[in-house]
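Computed from heavy atoms alone, side chains included, the values below leave out hydrogens, waters and symmetry copies. Treat the numbers as computed from the prediction; the structure is a model and nothing was measured.
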Amino acid sequence: MTGRATGAARPGGGPRAVLALGSNLGDREATLRAAVTLLDERLGVLAASPLYETVPVGGPPQDDYLNAVLLTRPAPPRELLEAAREAERAADRVRVVRWGPRTLDVDVIACGETVSDDPEILVPHPRAHLRAFVCVPWLDVDPDATIPGHGRVADLVAGLAAAGEPTSRIGSANPAGTLAGLRRVAEAPAGPAPAGALAAPATWEAGWLAPDRGAGRVGG
């Protein structure tokens, strides 16, 4: 069974795929930077969110994660999945314990209004609407984002904040502030970029994809 995918372009900006990245082993930031480079080569990255440090959800006791969300050019769900798995393999991802610690996790979250019931890759991600570490950075890079079947991401973030304990805002660019267990630690990439695609990391002048971040860098 291969399932089916249906959907159309989102009005205004056309369809975009949404990938969520996380790492809590080794040099987390370096791992995420390398993943962005690979995913840009495979898919074409259009935007990258700020970095957030988040408390693990589920699984055994483990260290905190660094998380980010990418917008990429649209592609069929299985093509997105293969690019995600390639990035995980490049980071030596090992699946031993469910929801256990990992060098890199890349989840396909959404692709415009596409809905896929392929058991290999469900789109939208069935738990994305419940995860602050997905919705908050996603809202940073796409304030008009929606999840098919769940509505506006901005409304979902507001609901998550109401359900938990909002903490102080970190970073003025995030209108939702942060939620308990989620803390912005590095700003979104900024600098000269070619139209319609993310520049190679070496060309960024600010944010977590800029070279030689020095004291501002979040390591392992």
Side-chain angles (χ1 to χ4, degrees), residues 3-24 31-32 35-36 38-40 42-52 54 56-59 65-88 91 93 98-99 102 104-160 174 176 179 181-182 184 188-189 198:
R4 66 182 186 280
T6 62
R10 182 168 60 84
R16 304 168 187 171
V18 182
L19 304 181
L21 280 61
S23 174
N24 76 335
T31 297
L32 295 182
V36 172
L38 187 151
L39 292 166
D40 191 28
R42 298 295 180 268
L43 300 172
V45 175
L46 303 173
S49 78
L51 279 184
Y52 285 84
T54 66
V57 177
Y65 281 83
L66 284 187
N67 292 99
V69 163
L70 306 180
L71 303 182
T72 78
R73 299 185 189 281
R78 287 215 176 198
E79 184 177 331
L80 296 171
L81 178 63
E82 180 50 39
R85 286 177 172 171
E86 182 179 354
E88 291 177 345
R93 165 73 182 269
R98 189 182 187 196
W99 294 334
R102 64 210 71 176
L104 180 66
D105 187 42
V106 182
D107 284 333
V108 178
I109 301 301
C111 187
E113 295 301 313
T114 296
V115 175
S116 169
D117 63 1
D118 182 341
E120 285 292 314
I121 175 64
L122 299 175
V123 177
H125 190 289
R127 292 179 296 279
H129 64 290
L130 302 173
R131 293 177 168 177
F133 63 85
V134 171
C135 290
V136 171
W138 186 1
L139 188 62
D140 280 317
V141 290
D142 188 355
D144 298 321
T146 62
I147 302 179
H150 296 286
R152 298 174 65 245
V153 173
D155 294 336
L156 295 171
V157 169
L160 290 168
N174 179 12
L179 307 178
L182 186 148
R184 180 183 288 189
L198 182 70

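- Residues A128 and C135 come closest through the heavy atom pair O-SG, 3.3 Å.
- When all heavy atoms are compared, the tightest approach of L80 to A75 is CD1-O, 3.6 Å.
- For E82, the salt bridge (charged side-chain N to carboxylate O under 4.0 Å, His left out) partners are R89, not counting sequence neighbours.
- In plain terms, the two heavy atoms of S23 and L32 that are nearest each other are CB-CD2, 4.1 Å.
- In this structure, L43 CG and L71 CG are separated by 12.0 Å, a value rounded to the nearest 0.5 Å.
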### Task
Show your reasoning for whether side chain to side chain contact (heavy atoms under 4.5 Å, CB included) applies to T72 and L19.
CA-CA 8 Å; T72 78; L19 304 181; 4.0 Å; yes

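- Distance check: L81 CG to E86 CD gives 11.5 Å after rounding to the nearest 0.5 Å.
- A salt bridge links D107 to R131: at least one charged side-chain nitrogen sits closer than 4.0 Å to a carboxylate oxygen.
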#### Entry: Step-by-step side chain to side chain contact (heavy atoms under 4.5 Å, CB included) determination, R73 to L46
CA-CA 7 Å; R73 299 185 189 281; L46 303 173; 4.2 Å; yes

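- Nearest approach of Y65 to G22, heavy atoms of both residues: CD2-C, 4.1 Å.
- Counting heavy atoms from C-beta outward, H125 and I147 have side chains that stay 4.5 Å or more apart.
- In this structure, the side chain of S116 engages the main chain of I121 through a donor-acceptor pair within 3.5 Å.
- Looking only at distances, no side-chain donor or acceptor of D105 sits under 3.5 Å from a matching main-chain atom of L21.
- Partners of H129 by ring pair (Phe, Tyr, Trp, His ring centres under 6.0 Å), not counting sequence neighbours, listed by chain and number: H150.
- When all heavy atoms are compared, the tightest approach of V115 to P148 is CG2-CB, 4.0 Å.
- Remark: of the listed residues T114, L122, V108, T114 is the sole one forming a side chain to side chain contact (heavy atoms under 4.5 Å, CB included) with P77.
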### Message
For a side chain to side chain contact (heavy atoms under 4.5 Å, CB included) check, start with the C-alpha distance between V153 and V136, then their side-chain angles and the critical distance, and finish with the verdict.
### Response
CA-CA 8 Å; V153 173; V136 171; over 6 Å; no

### Task
Please assess L70 against L39 for the test side chain to side chain contact (heavy atoms under 4.5 Å, CB included), listing each intermediate value before the final yes or no.
CA-CA 9 Å; L70 306 180; L39 292 166; 3.8 Å; yes

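- Pairing each heavy atom of L160 with each of L130, the nearest pair is CD2-O, 3.7 Å.
- Atoms OH and CG, on Y52 and D140 in that order, are 3.5 Å from each other to the nearest 0.5 Å.
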